[in-house]
Amino acid sequence: MQKLLIANRGEIAVRIIRAARELDITTVAIYSEADEHAEHVRLADEAVCVGPAQATASYLNISNVLAAIESSGADAVHPGYGFMSENADFAQAVVDAGAVWVGPAAQAIRDMGDKVSARRSAKAADVNTVPGSAGELTDPDEAVAVAADIGFPLAIKASAGGGGRGIRIVEQESDLIGAIKTAKAEARAAFGNDAVYIERFIPRARHIEVQVFGDGVRAVHLGMRDCSVQRRRQKVVEEAGQLFVTPEVGQRMCDAAVRLAEAVQYQGAGTVEFLYDEQRNDYYFLEMNTRIQVEHPVTEMVFGEDLVAEQLRVAAGQPLSFVQESLVPRGHAIEIRLNAENADMNFLPSPGTLEKFALPGGPFVRLDSGVVTGSVISPYYDSMLAKIIVWGATRDLAVARMLRALGELDVQGIVTTAPFVETILRSPDFASGAFHTTWLEKWMADRAEAGAA
Amino acid sequence: MAQHNVASPLPGVFYRSPAPGEPAFLNEGDPVTADTTIGLVEIMKQFSEVKAGASGTLASFAVDDGATLAPGDVVATVDTE
């Protein structure tokens with residue numbers, strides 16, 4: 001691997017360029033017309049424009065990105081997260097063009113990306129799944145029978161959904177048939193595929209995910225992340241290290257994730273997502289993400305491993321550089337996402353020019369950012385500007401360190417979610433760990449009510 | 001006949017249909033009420049509906065499907081009675 005094209009933008013493109021440079025690999029950025037002056041373009045060795053501002057015309061335009069691979073002479077492609085990172089057709093096209101795809105094989109992306117087939121793979125590897133329909137719902141009678149078996153509330157999910165999209169909760173049997181019809185219509189509109197399935201809804205669950213890494217022969221895990229603090233199913237705060245999961249069930253989740261990765265001969269970085277059911281002290285497989293994730297730095301901080309560099313090494317054909325026994329977590333890490341949104345105005349996006357972007361520093365504080373002072377935040381892409389990651393010997397120290405870091409942050413010109421995140425971190429529930437996947441939205445509603453009273 | 005300009009308070013990308021390949025919410029000449037959805041504005045992957053804001057007849061669109069909007073740009077004109 002001599003020359004790596006990064007098929008992404010923003011902080012993850014910068015993150016990948018840094019890892020490649022440390023491995024002495026030449027980097028090629030791609031950019032849209034709106035991103036001509038972006039940081040990832042400035043930092044890369046070379047850059048190729050792939051089209052107009054709208055992502056569908058540039059970052060998501062397969063033929064334009066393939067042309068950039070050819071014209072730059074890149075021999076490898078890293079897709080980052082989002083955009084085309086889980087597009088099996090693109091992965092295959094990269095390989096067909098003679099370049100290395102930094103990620104699992106197209107077939108693995110297909111198998112794990114489709115939720116119905118992913119559940120099948122999980123069951124085959126003896127990994128617990130949420131009780132539900134055997135696969136895609138074919139007729140209403142089956143839905144009624146399954147519902148009688150698993151009980152209410154239940155969730156109707158789109159097979160092609162993901163990232164929290166395409167999910168509908170049903171509280172009672174009288175709503176079931178109508179909700180399935182609506183869910184199918186929504187799935188058809190959103191994903192072009194109306195396949196849905198149903199499963200038990202767990203009212204009080206933690207979102208726990210296991211980082212796995214495979215080289216096609218063996219797989220290891222790098223522990224768990226708790227990403228339960230979510231708003232509209234988007235993660236807001238992520239942690240690794242000292243989590244609120246019983247050690248015995250945590251170990252079973254990690255073992256299950258490795259079993260699944262080995263069963264599909266997984267190659268590269270992946271994340272196996274679970275729901276941890278606090279009331280039952282049990283876990284269920286949710287889905288597998290066949291890419292590096294936004295929150296990978298918290299895992300890097302507690303394990304002292306560079307996951308993006310490892311992705312590049314494994315993609316280049318080398319075996320994993322670590323064995324399970326060598327992977328020992330230490331301390332606690334927290335990541336927060338700094339988004340260009342106004343929390344006081346229902347998270348209205350806040351594009352504009354960053355007149356000032358002064359980042360925190362000091363011990364055990366890491367900044368992964370795709371912007372600098374003077375950057376123009378365009379309306380076209382994701383609102384995430386940067387991630388702040390801190391490490392502490394204990395969870396309490398890590399929280400104190402994040403609060404200290406947020407105090408140093410100074411952003412002017414656009415509104416960010418930093419004050420909102422700070423309020424969460426200062427809440428007693430966050431301190432005590434009394435949160436779950438629907439905690440944040442309830443906490444926000446309660447605060448709004450108290451403020452209005 | 002009075003006219004009402006429908007403006008988008010948000011910058012972003014204007015869409016006339018709910019999803020790619022689907023029929024437009026409205027065509028010129030269609031009747032509207034204040035609450036009728038004219039189109040969607042996408043900004044940072046969030047979608048917001050643009051409502052007509054007045055009842056009458058949709059006279060014309062001021063921008064194409066997929067056009068880029070600045071804050072306050074007029075997207076359509078409604079003939080009010």
Side-chain angles (χ1 to χ4, degrees), chain A residues 9-10 32-34 51-60 81-83 158 160 163-166 185-194 231-234 337-343 345-353 370-371 376-385 414-417, chain B residues 4-28 30-54 58 60-78:
Chain A
R9 65 180 302 281
S32 71
E33 287 164 10
Q54 287 185 43
T56 47
S58 49
Y59 295 105
L60 292 170
Y81 54 69
F83 286 136
R165 301 199 308 145
E186 285 175 349
R188 198 180 307 120
F191 313 113
N193 173 353
D194 73 353
R231 179 185 157 269
R232 292 188 173 180
R233 301 180 182 272
Q234 295 295 312
R337 302 183 185 200
L338 193 62
N339 292 344
E341 293 170 9
N342 187 339
M345 293 178 68
N346 198 27
F347 296 84
L348 186 71
S350 177
T353 301
V371 294
V376 175
I377 312 307
S378 78
Y380 299 105
Y381 314 111
D382 193 271
S383 64
M384 195 176 75
L385 302 176
I414 63 165
V415 181
T416 77
T417 48
Chain B
H4 166 76
N5 285 331
V6 184
S8 166
L10 292 171
V13 179
F14 180 70
Y15 297 105
R16 283 184 52 186
S17 57
E22 293 202 6
F25 286 106
L26 283 177
N27 290 299
E28 290 170 358
D30 286 349
V32 298
T33 67
D35 203 36
T36 303
T37 298
I38 300 264
L40 297 176
V41 174
E42 178 185 12
I43 171 172
M44 292 176 168
K45 304 201 298 194
Q46 289 188 31
F47 288 85
S48 305
E49 293 179 338
V50 182
K51 304 282 190 185
L58 182 73
S60 61
F61 281 99
V63 294
D64 291 336
D65 188 39
T68 299
L69 303 178
D73 276 0
V74 172
V75 298
T77 303
V78 173

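Sequence lines set the chain letters: A, B, ... in the order given, protein chains first and strands last, and positions in each chain run from 1. All figures in this text were calculated on a predicted structure; none of them were measured in a lab.
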Checklist entry - Can you name the nearest heavy-atom pair linking B/Val13 to A/Gln54, along with the distance? => result CG1-NE2, 3.5 Å
Next on the checklist: Which atoms of B/Leu10 are under 4.5 Å from chain A, going by heavy atoms: the side chain, the backbone, both sets, or neither?
Outcome noted: side chain
Item to check | Expected output: side-chain A/Ser58 to main-chain A/Pro52 donor-acceptor under 3.5 Å | outcome: yes
Checklist entry - Quick one: what part of A/Ala190 sits under 4.5 Å from any heavy atom of chain B, side chain, backbone, both or neither? => result neither
Checklist entry - With a 4.5 angstrom heavy-atom cut-off, which part of A/Thr56 approaches chain B: side chain, backbone, both or neither? => result neither
Checklist entry - Does a salt bridge link A/Glu186 with A/Arg188, judged by any charged N lying under 4.0 Å from a carboxylate O? => result no
Checklist entry - Angle class for the A/Phe83/A/Tyr381 ring planes (parallel below 30°, perpendicular above 60°, tilted otherwise)? => result perpendicular
